[in-house]
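Please read all numbers here as calculations on a predicted model, not as lab measurements. Naming convention: chains lettered A, B, ... in sequence-line order (proteins, then strands); numbering from 1 in each chain.
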2 protein chains.
Amino acid sequence: MLNQRGDLDKVFHALADPSRRTMVERLGRGPASVSELAKPLAMSLPAVVQHLAVLEASGLVKSEKVGRVRTCRIEPKVLNMAEQWITQRKATWESRLDRLGDFLAETAPETESEEKRTDT
Amino acid sequence: MLNQRGDLDKVFHALADPSRRTMVERLGRGPASVSELAKPLAMSLPAVVQHLAVLEASGLVKSEKVGRVRTCRIEPKVLNMAEQWITQRKATWESRLDRLGDFLAETAPETESEEKRTDT
DNA sequence: GCGTTGGTTAAGCACATACTTAAGTATTCA
DNA sequence: TGAATACTTAAGTATGTGCTTAACCAACGC
């Protein structure tokens with residue numbers, strides 16, 4: 001099984017850095033070596049390797065070394081997990097607004113724009 | 001205009017913490033005061049306020065103080081932005097696999113399983 | 001007015017991040 | 001064999017994060 005909480009922590013944290021997102025974007029277009037990933041980034045190779053480690057720890061990226069080159073590829077399952085969390089948030093939020101709309105339509109069809117419902 | 005890069009940094013970073021995700025989940029079900037948000041979290045109020053500050057900085061949450069209670073509500077636009085980034089990654093990745101599949105089908109119809117197709 | 005409620009500010013601490021440079025280790029190629 | 005390539009490891013540093021406690025302030029409620 002997959003530990004939702006900790007996994008989401010790692011995925012969102014991995015995506016919270018622009019260099020790492022650049023790497024993920026690059027890998028979306030196909031596998032790449034470490035130095036290919038490094039090319040567009042204005043930092044040392046070791047720094048890139050550290051970012052890669054974060055991406056691998058999150059499960060977003062897998063890599064394999066053949067000869068002296070390490071080839072990295074994206075792992076979309078984890079990306080789906082993050083997407084699902086967001087989608088679910090949106091779903092509950094939207095259904096709440098729907099229910100609120102229904103409620104307003106039912107009880108007070110003339111009072112249109114009432115949103116300040118700190119109901120509790 | 002909205003600065004994609006920095007905004008995404010902030011949103012993903014905001015979502016990378018389980019306490020903050022709990023707060024967002026709660027707010028998805030409707031507006032809440034600071035102490036309501038704090039209730040399920042095993043930490044001091046100031047800590048919660050700091051998390052709230054991160055959420056507000058990301059644009060995910062807005063709040064307004066009336067009397068002595070601050071009421072927080074979710075701001076779904078930013079959530080959409082994060083979702084879109086992920087969706088776009090998935091899209092390019094999938095279209096790449098499609099093109100790869102076409103290529104393999106065209107050039108070498110007998111060599112089937114070249115790219116483990118875990119296609120979700 | 002005076003205590004209680006709801007939140008805010010400030011300071012401090014432990015630990016994590018995001019880099020750096022320097023020095024390694026394997027491979028590959030001429 | 002020996003230089004170049006592609007990382008890898010280690011160590012150091014500056015800055016950021018996630019909490020804490022203590023003290024404070026501004027509404028209510030009576």
Could you tell me which residues satisfy side-chain hydrogen bond (donor to acceptor under 3.5 Å, both in side chains) with [X], sequence neighbours excluded, listed by chain and number?
{"X": "B:Ser35", "result": "none"}
{"X": "B:Glu56", "result": "B:Ser63"}
{"X": "A:Thr71", "result": "none"}
{"X": "A:Arg21", "result": "B:Asp9"}

Nucleotide N/O of nucleotides 25-30 of chain D paired with protein N/O under 3.5 Å:
| from | atom 1 | to | atom 2 | distance (Å) |
| --- | --- | --- | --- | --- |
| D:dA27 | N3 | B:Arg68 | NH1 | 3.1 |

Contacts of B:Glu25 meeting salt bridge (charged side-chain N to carboxylate O under 4.0 Å, His left out) (sequence neighbours excluded), chain-then-number -> none

Hits for salt bridge (charged side-chain N to carboxylate O under 4.0 Å, His left out) against A:Arg70, two or more places apart or cross-chain, chain-then-number order -> none

For A:Ala32, the side-chain contact (heavy atoms from CB on, under 4.5 Å) test, sequence neighbours excluded, returns A:Arg26, A:Leu27, A:Glu36, A:Leu37

Contacts table for residues 47-55 of chain B: side-chain donor-acceptor under 3.5 angstrom, sequence neighbours left out:
| from | atom 1 | to | atom 2 | distance (Å) |
| --- | --- | --- | --- | --- |
| B:His51 | ND1 | B:Arg20 | NH1 | 3.1 |

Min and max contacting nt of DNA chain C in 5' to 3' order, chain A heavy atoms within under 4.0 angstrom, are C:dT17 to C:dT28

* Asked: Passes side chain to side chain contact (heavy atoms under 4.5 Å, CB included), B:Trp85 versus A:Leu15? Steps please.
  -> CA-CA 10 Å; B:Trp85 187 89; A:Leu15 294 178; 3.7 Å; yes

Distance-only donor-acceptor pairs under 3.5 Å for side chains of residues 74-84 of chain B, two or more places apart:
| from | atom 1 | to | atom 2 | distance (Å) |
| --- | --- | --- | --- | --- |
| B:Asn80 | OD1 | A:Lys90 | NZ | 3.0 |
| B:Glu83 | OE1 | A:Lys90 | NZ | 2.8 |
| B:Glu83 | OE2 | A:Thr87 | OG1 | 3.1 |

Please write out the pairs of protein N or O atoms and N or O atoms of nucleotides 13-20 of chain D separated by less than 3.5 Å, giving the distance to one decimal.
| from | atom 1 | to | atom 2 | distance (Å) |
| --- | --- | --- | --- | --- |
| D:dG18 | OP2 | B:Arg20 | NH1 | 3.0 |
| D:dC19 | OP2 | B:His51 | NE2 | 2.6 |
| D:dC19 | N4 | B:Gln50 | OE1 | 3.0 |
| D:dT20 | OP2 | B:Ser44 | N | 2.9 |
| D:dT20 | OP2 | B:Ser44 | OG | 2.6 |
| D:dT20 | O4 | B:Gln50 | NE2 | 3.2 |

